[in-house]
Amino acid sequence: TEIHEESLRLLHNCGFAIIDITNPAGQLMELERARDYGVITFVTYSSSHASAMAVSLSKIMENWGIGYLVNMMILTD
């Protein structure tokens with residue numbers, strides 16, 4: 001589809017990507033393409049909403065040797 005192709009085109013032209021995995025929605029494809037394109041990737045997730053997806057993706061990233069996993073702490077008053 002057009003949106004999918006455009007998002008991959010944007011990713012391909014970037015040197016860095018920030019991908020949030022707090023709510024899983026197809027980010028694995030983006031991570032795979034980022035690796036293929038040589039894009040430095042920062043993956044974020046909210047510790048208050050940490051999911052099995054975050055744990056799984058962190059292991060995948062470690063195996064691939066890509067990206068940086070950032071645990072975001074959401075501070076509230």
Side-chain angles (χ1 to χ4, degrees):
T1 65
E2 251 180 73
I3 293 172
H4 174 76
E5 290 173 8
E6 184 62 25
S7 66
L8 289 179
R9 197 173 4 262
L10 287 169
L11 181 62
H12 186 266
N13 292 325
C14 292
F16 298 92
I18 299 171
I19 300 173
D20 182 66
I21 59 172
T22 301
N23 297 306
Q27 295 92 331
L28 183 57
M29 180 276 306
E30 293 172 342
L31 285 170
E32 289 176 318
R33 294 293 76 81
R35 179 183 65 159
D36 294 343
Y37 301 154
V39 175
I40 297 170
T41 307
F42 297 88
V43 177
T44 64
Y45 67 95
S46 168
S47 59
S48 61
H49 295 93
S51 66
M53 173 88 165
V55 174
S56 296
L57 282 178
S58 67
K59 290 179 182 179
I60 290 170
M61 291 171 57
E62 185 178 316
N63 288 338
W64 286 348
I66 64 159
Y68 303 91
L69 188 65
V70 178
N71 182 346
M72 297 188 313
M73 307 244 345
I74 299 175
L75 303 175
T76 58
D77 293 335

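As a basis for the values below, the full set of heavy atoms in this structure was taken, side chains included, without hydrogen atoms, waters or symmetry mates.
Summarising the geometry, atom OG1 belonging to T41 is positioned 7.0 Å from atom CG belonging to L11; distances are rounded to the nearest 0.5 Å. To the nearest 0.5 Å, atom CD of residue E2 and atom NE2 of residue H4 are 12.5 Å apart. Atom CD1 of I40 sits about 12.0 Å away from atom CD1 of I18, to the nearest 0.5 Å.
Looking only at side-chain heavy atoms (C-beta outward), M29 and L8 come within less than 4.5 Å of each other.
Taking E5 as the reference, R9 meet the side chain to side chain contact (heavy atoms under 4.5 Å, CB included) condition, with sequence neighbours excluded.
For CG of L10, the number of neighbouring non-hydrogen atoms (other residues, nucleotides, ligands) closer than 6.0 Å is greater than 12.
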